[in-house]
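First comes the structure, then the notes that go with it.
The shown structure was predicted, so the numbers you read here are calculated from the model rather than taken from an experiment. Throughout, protein chains are lettered first and strands after them, A, B, ... in sequence-line order, and every chain is numbered starting at 1.
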Amino acid sequence: MKERYDFSAIETKWQKIWEETGLHKVVDNDTTKEKYYCLEMFPYPSGNLHMGHVRNYSIGDVVARVKAMQGYNVLHPMGWDAFGLPAENAAIKHGIHPYQWTRSNIENMRKQLSRLGFSYDWDREVTTCTPDYYRWTQWLFLQFYKNGLAYKKHAAVNWCPGCVTVLANEQVVNGACERCGTSVEKKGLSQWFLKITDYADRLLADIEKLNGWPDKVKIMQENWIGRSEGAEVNFRVDGTDDIITVYTTRPDTIYGVTFMVLAPEHPLVAKLTTGTPYEASVRDFVRRMQNLSEIDRTSTDAEKEGLFTGAHVINPMNGEKIPLFIANYVLMDYGTGAVMGVPAHDQRDFDFATKYSLQIRVVILPEGVPDKYVQLTQAYDAEGVLVNSGPFDGQNNEDAIKNVAAYMEEKGIGKSMVNFRLRDWLISRQRYWGAPIPIIYCSKCGEVAVPEEQLPVHLPTDVEFKPTGKSPLTDCDSFVNTVCPECGGPARRETDTMDTFICSSWYYLRYCSPHDDRNAFTKDNAAYWMPVEQYIGGVEHAILHLLYSRFFTKVLKDQGLVDFDEPFTNLLTQGMVLKDGAKMSKSKGNTVSPEETVAKYGADTARLFILFAAPPERDLEWSDAGVEGAYRFLNRVWRLVYAYIDRLNESPALEEVSEADKETRRLTHYTIKKITDDVNQRFNFNTAISTIMEFVNWLYQYREKNPVRNSSIEAEAVNTLVILLAPFAPHFAEELWHELGYTDSVHKQPWPGYDPAALVQAEVEIVVQLNGKVKSRMTVPADIDKDEMEKFVLEQDKIVELISGKQVVKVIAVPKKLVNIVVK
RNA sequence: GCCGAAGUGGCGGAAUUGGCAGACGCACACGAUUCAAAAUCGUGCGGGAAACCAUGAGGGUUCGAGUCCCUCCUUCGGCACCA
């Protein structure tokens with residue numbers, strides 16, 4: 001055995017051997033073992049791995065390796081989320097084709113991942129931008145389409161002038177593009193949508209099933225879906241037959257309506273004002289609102305602003321005639337785009353009414369407050385009793401919500417209604433580097449789906465992809481011009497491509513049968529491998545990717561294509577990697593290159609540090625000194641095992657078992673137990689590693705202070721140490737394992753069990769407290785009970801002295817922990 | 001504004017069910033080794049002379065609180081005129 005730890009030679013050697021021997025090859029549908037699907041979010045192939053990737057994949061690799069050692073049949077795949085804008089932008093900038101750019105990035109990143117020694121089965125690699133993948137993305141789109149879940153409509157959509165394409169609602173963060181930060185505009189365009197709103201209720205209800213997900217993520221999804229219960233109420237426009245429907249969560253306040261407000265984009269606005277004296281001013285107002293950026297438009301800080309339309313509507317409950325306004329604070333996107341103004345009981349309406357001197361009528365009072373004393377300075381939105389509300393006077397408002405809604409339903413003036421904040425998913429993009437939407441437009445037959453046997457609709461390679469706001473495919477005649485699959489006449493292809501989030505909404509299924517060329521995924525394989533036991537990735541996908549994937553899974557379940565309705569049983573959201581307190585980023589110049597770190601210290605050191613520095617879900621502060629420490633630790637283990645193998649300070653003893661030997665055995669088994677718990681139950685790799693460090697520290701002492709040692713106990717300790725290190729430092733442990741004389745891989749060893757009997761200690765140290773303050777420590781037999789402990793402690797000279805002159809009120813004894821004496 | 005998470009030495013963090021606060025590592029100091037240095041091995045390392053005081057601040061529950069409850073402060077994340 002070499003005296004020095006040569007990480008470079010060791011890592012290269014084992015990576016080669018593992019590959020040659022197919023150590024990480026996965027066997028499908030092995031019924032002799034329980035399956036375990038460990039998945040990490042696949043990367044966008046930007047060209048270089050960053051520390052966030054290293055962290056994500058190091059965490060996943062420990063899980064995959066531990067589960068494999070624990071006897072599971074583990075699926076641990078890797079692939080590439082390879083469509084997307086950066087490839088196009090790079091292509092424009094450097095004159096390379098996006099395919100070339102993406103391909104070479106993938107090659108480079110695969111090399112970097114391999115260099116880190118992750119246990120992927122590379123035969124199952126999946127790349128979303130290749131025709132053998134996007135063919136199935138298109139096929140899935142057609143399944144949605146055939147079931148009425150994909151449709152085209154004209155709507156005011158989010159437009160990012162930076163990316164010159166439309167965006168889904170989920171991709172707009174604080175009114176700006178989540179990718180490039182450009183302020184988003186609204187544009188009226190005809191676009192493709194997936195009907196995720198059809199699944200809003202189930203996506204919400206099934207959150208309850210996600211016991212293995214962090215609450216944080218579940219709450220974020222709940223809020224995003226935003227279910228609210230209320231009623232729709234129909235108001236007739238005075239003097240016309242037009243009906244305006246409002247949505248309200250507070251039908252109990254209907255008698256307090258003193259005005260109504262429409263969103264500026266509401267379709268009735270033009271109709272009601274055209275030809276009236278109000279027409280010009282209303283048109284100006286609407287135009288001004290439309291020209292505001294999304295941020296200014298929806299900011300809560302913006303002052304409420306509105307305009308009278310000249311029209312009135314009739315309150316269907318009491319026939320009252322109330323003025324109709326348009327205002328900035330009502331959004332066309334939510335509910336019906338019309339709101340009944342109840343200033344007494346809604347703060348926004350209150351602000352608006354105050355500004356425009358509209359009547360404020362109280363219809364709900366806290367119990368015991370007489371009407372005449374009410375002088376509102378703000379809206380009252382708490383519970384109370386109805387007043388000024390005709391037949392509903394005196395009812396508790398909670399009851400009145402139901403009763404008023406029932407009454408309206410009976411009279412045909414309204415109905416109970418559930419509303420969601422969630423909008424349908426806008427999936428078309430006016431960009432080149434994505435999966436073409438497989439639809440054909442025929443002047444005779446209209447919108448026609450590309451027949452499944454004609455898939456994939458290939459992305460043409462000879463395209464000018466300068467961003468113009470139209471899809472670059474529009475100018476590619478050979479792509480656009482086609483024949484109608486129904487009538488055979490000339491037809492045109494849809495030129496928009498799909499949102500890349502579609503590609504990543506089903507990749508976990510493709511990994512189950514990555515080479516199937518007849519199906520998106522083989523049903524048997526999906527049934528065997530899915531759902532994913534452990535999914536690991538950044539919290540930035542809490543809504544986007546994770547919600548979309550849940551949606552896809554539910555649709556596939558309804559089509560009978562899968563037999564589960566949630567894709568990810570357990571989710572771990574890892575924290576960011578920080579440097580100097582800030583997220584590593586090129587623009588801040590605080591990045592640390594994984595490649596350089598691996599070159600300097602090796603993959604095992606890099607991984608060990610990243611796992612040791614913080615628990616996975618917390619942010620991690622990068623520290624070069626900390627990396628140095630991890631490297632030092634591996635060297636320390638190396639020297640320990642070296643000394644053991646080369647019989648330095650050879651121990652002559654064989655059979656006898658000293659106290660130190662017993663303690664070594666106890667610590668060996670304690671270490672197994674602790675690490676098993678940390679890894680299985682808590683994913684606390686940092687404390688698992690610190691336990692190994694403590695064990696190593698002890699073994700140094702043990703050798704140093706005991707020239708005579710029991711050889712089988714020492715052997716067990718060293719073997720166990722190497723096995724326990726295997727998931728964290730796989731090359732290092734493999735090398736030592738072979739130096740110990742074994743010929744099989746350390747990664748094929750069963751995870752060690754512990755002997756509970758070995759953990760038992762004859763004596764334990766307890767603490768003696770006086771009024772809860774630690775005064776003394778003493779060693780007692782481990783198995784004595786409360787009373788014996790109390791008696792023993794009170795007999796000790798030191799304790800007698802401590803409590804002399806004081807009155808013992810009470811003694812609390814906790815076995816193996818402490819005795820607390822309460823004195824006066 | 002609403003929802004959520006976090007706040008512990010010089011630093012990263014530990015304390016799993018209310019029971020020894022600061023495990024483990026980094027940094028630092030000292031000792032051994034060395035001609036010397038690096039590396040290594042070892043010792044020390046919250047504050048305080050001590051009694052004691054210390055887990056963002058202040059209250060509370062309890063024999064006992066980093067952990068539970070209330071009020072507040074700070075930082076971070078999400079949502080944000082959702083009717």
Side-chain angles (χ1 to χ4, degrees), chain A residues 4 173-175 214-224 226-228 230 246-250 253 261 263 297-304 327-331 333-342 346-349 351-352 419-422 539-540 542-543 575-576 578 581 609 612-615 617-630 632-633 635-636 639 674 677-678 681-682 684 686-697 700-701 704 765-777 809-814 816-823:
Chain A
R4 257 195 69 247
V173 178
N174 289 328
D215 289 342
K216 174 172 62 168
V217 173
K218 292 195 278 187
I219 290 167
M220 278 163 71
Q221 291 211 354
E222 263 172 45
N223 292 342
W224 187 261
R227 184 182 199 272
S228 78
V246 299
Y247 173 73
T248 178
T249 54
R250 295 295 302 274
T253 63
V261 192
R297 178 68 203 278
T298 59
S299 162
T300 38
D301 305 331
E303 202 183 327
K304 308 231 168 334
N328 60 347
Y329 77 100
V330 176
L331 310 172
D333 279 10
Y334 185 78
T336 59
V339 169
M340 62 185 212
V342 186
D346 181 288
Q347 190 58 40
R348 293 156 304 182
D349 297 342
D351 295 342
F352 190 77
N419 230 310
F420 293 95
R421 209 192 74 109
L422 184 71
V539 73
E540 65 273 17
I543 291 165
M576 290 185 295
L578 312 176
F609 165 72
F612 176 66
E617 64 282 358
R618 285 249 288 257
D619 287 350
L620 180 154
E621 174 69 32
W622 187 267
S623 153
D624 290 330
V627 178
E628 195 87 43
R632 245 190 327 249
F633 169 71
N635 276 285
R636 195 166 147 80
R639 285 189 301 273
K674 174 78 162 79
D677 289 350
D678 280 353
Q681 292 164 21
R682 312 198 304 161
N684 277 10
N686 56 333
T687 53
I689 292 166
S690 74
T691 306
I692 301 180
M693 289 172 168
E694 285 176 89
F695 186 45
V696 169
N697 290 346
Y700 264 85
Q701 298 251 321
E704 176 86 11
E765 194 187 62
I766 61 157
V767 166
V768 182
Q769 299 181 327
L770 215 59
N771 293 340
K773 293 203 169 111
V774 179
K775 293 291 175 184
S776 176
R777 291 160 217 277
V809 182
K810 197 172 173 184
V811 180
I812 290 110
V814 182
K816 295 184 193 175
K817 291 250 162 72
L818 57 75
V819 174
N820 185 13
I821 306 163
V822 185
V823 296

Nucleotide [N], atom [atom2] - distance to [atom1] of [X] in whole Å:
| X | N | atom1 | atom2 | result |
| --- | --- | --- | --- | --- |
| A:Ile689 | B:rA14 | CD1 | P | 12 Å |
| A:Arg4 | B:rU40 | CZ | C1' | 14 Å |
| A:Leu818 | B:rA65 | CG | C1' | 13 Å |
| A:Ile812 | B:rG64 | CD1 | P | 8 Å |
| A:Glu765 | B:rG19 | CD | P | 18 Å |
| A:Asn174 | B:rA80 | CG | P | 7 Å |
| A:Ile821 | B:rG64 | CD1 | P | 15 Å |
| A:Gln769 | B:rA65 | CD | C1' | 12 Å |

Exercise for the section: Starting from Watson-Crick (N1-N3 plus N6-O4 or O6-N4) and G-U wobble pairs under 3.5 Å, report the runs of at least three that RNA chain B belongs to. Expected result: B:1-7 with B:73-79, B:10-12 with B:24-26, B:28-32 with B:40-44, B:56-60 with B:68-72

Handout entry: Donor-acceptor pair (no angle test) under 3.5 Å: A:Asn223 side chain, B:rC79 base
Key =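 Per atom types, no contact qualifies.
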
Could you work out the separation of [N] and [M] based on their [atom1] atoms and round it to a whole Å?
| N | M | atom1 | value |
| --- | --- | --- | --- |
| B:rU43 | B:rA65 | P | 33 Å |
| B:rU67 | B:rG77 | P | 26 Å |
| B:rG1 | B:rA80 | C1' | 8 Å |
| B:rA49 | B:rU61 | P | 34 Å |
| B:rG22 | B:rC72 | P | 33 Å |
| B:rG25 | B:rC45 | C1' | 14 Å |
| B:rG10 | B:rG47 | C1' | 13 Å |
| B:rC52 | B:rG56 | C1' | 23 Å |

Does [N] have OP1 or OP2 sitting under 4.0 Å from an N or O in the side chain of [X]?
| X | N | result |
| --- | --- | --- |
| A:Tyr247 | B:rA83 | no |
| A:Arg421 | B:rA80 | yes |
| A:Arg632 | B:rC26 | yes |
| A:Tyr329 | B:rA83 | no |
| A:Arg636 | B:rG42 | yes |
| A:Lys810 | B:rC63 | yes |

Closest to side chain of [X], choosing from [options]:
| X | options | value |
| --- | --- | --- |
| A:Ala625 | B:rA27, B:rG13, B:rC79 | B:rA27 |
| A:Lys216 | B:rG4, B:rG19, B:rC24 | B:rG4 |
| A:Val814 | B:rC79, B:rG19, B:rA23 | B:rG19 |
| A:Leu331 | B:rG19, B:rA83, B:rC79 | B:rA83 |
| A:Arg639 | B:rA83, B:rG78, B:rC41 | B:rC41 |
| A:Asn697 | B:rC24, B:rG19, B:rC81 | B:rC24 |

Exercise for the section: Could you go through the side chain to side chain contact (heavy atoms under 4.5 Å, CB included) check for A:Arg636 and A:Val696 one step at a time? Expected result: CA-CA 8 Å; A:Arg636 195 166 147 80; A:Val696 169; 4.2 Å; yes

Got a list of protein N/O to nucleotides 47-52 of chain B N/O distances below 3.5 Å?
from	atom 1	to	atom 2	distance (Å)
B:rC52	OP1	A:Lys775	NZ	2.6

Regarding [X], tell me which of base, sugar-phosphate or nothing describes its non-hydrogen contacts under 4.0 Å with the strands shown.
| X | result |
| --- | --- |
| A:Gly629 | sugar-phosphate |
| A:Asn820 | base |
| A:Val261 | nothing |
| A:Phe633 | nothing |

Shortest non-hydrogen separation from [X] to [Y] and the atoms involved:
| X | Y | value |
| --- | --- | --- |
| A:Gly772 | A:Asn820 | N-OD1, 2.9 Å |
| A:Val819 | A:Val811 | CG1-CG1, 3.7 Å |
| A:Gln221 | A:Ala542 | NE2-O, 2.9 Å |

Practice task
Run the numbers on A:Asn697 and A:Gln701 for side chain to side chain donor-acceptor pair (under 3.5 Å), then give the verdict.
Solution key: CA-CA 7 Å; A:Asn697 290 346; A:Gln701 298 251 321; over 6 Å; no

Practice task
Syn or anti for B:rG60, please, going by whether the chi angle lies within 90° of 0.
Solution key: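 You should classify B:rG60 as anti.
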
Problem - salt bridge (charged side-chain N to carboxylate O under 4.0 Å, His left out) against A:Lys674, all qualifying residues, sequence neighbours excluded - result: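 With neighbours one apart ignored, the set is A:Asp678.
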
Practice task
Any chance you could lay out the side chain to side chain contact (heavy atoms under 4.5 Å, CB included) test for A:Leu770 and A:Ile821, step after step, and finish with the verdict?
Solution key: CA-CA 5 Å; A:Leu770 215 59; A:Ile821 306 163; 3.8 Å; yes

Extract from the structure each pairing of a protein N or O with an N or O of nucleotides 7-12 of chain B at less than 3.5 Å, listing the distance.
from	atom 1	to	atom 2	distance (Å)
B:rG12	O2'	A:Ala613	O	2.8

Problem - Of A:Asp333 and A:Val767, the one whose closest RNA chain B nucleotide lies more 5' - result: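 Nearer the 5' end of the strand: A:Val767.
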
Problem - Those residues that, when tested against A:Tyr334, pass ring pair (Phe, Tyr, Trp, His ring centres under 6.0 Å) (two or more places apart) - result: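 None.
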
When you compare the protein's N or O atoms with those of nucleotides 15-17 of chain B, which come within less than 3.5 Å of each other, and at what distance?
from	atom 1	to	atom 2	distance (Å)
B:rA15	OP1	A:Arg682	NH1	3.1
B:rA15	OP1	A:Arg682	NH2	3.0
B:rU16	O4'	A:Arg682	NH1	3.4
B:rU16	O4	A:Lys674	NZ	2.9

Problem - Flag, side chain of A:Asp346 to backbone of A:Asp349, donor-acceptor distance under 3.5 Å - result: yes

Problem - A:Asp619 (side chain) donor-acceptor with A:Gly575 (main chain) under 3.5 angstrom - result: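 Checked: no pair found.
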
Problem - Ring-face cation of A:Lys304 near A:Phe352 (centre distance under 6.0 Å, axis angle within 45°) - result: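 Negative - A:Lys304 is either too far from the ring of A:Phe352 or too far off its axis.
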
Exercise for the section: Show your working on side chain to side chain contact (heavy atoms under 4.5 Å, CB included) between A:Ile766 and A:Leu818 and close with a plain yes or no. Expected result: CA-CA 5 Å; A:Ile766 61 157; A:Leu818 57 75; 5.5 Å; no

Practice task
Take A:Arg682 and A:Thr687 through the test side chain to side chain contact (heavy atoms under 4.5 Å, CB included) and record every step on the way to the result.
Solution key: CA-CA 10 Å; A:Arg682 312 198 304 161; A:Thr687 53; 3.5 Å; yes

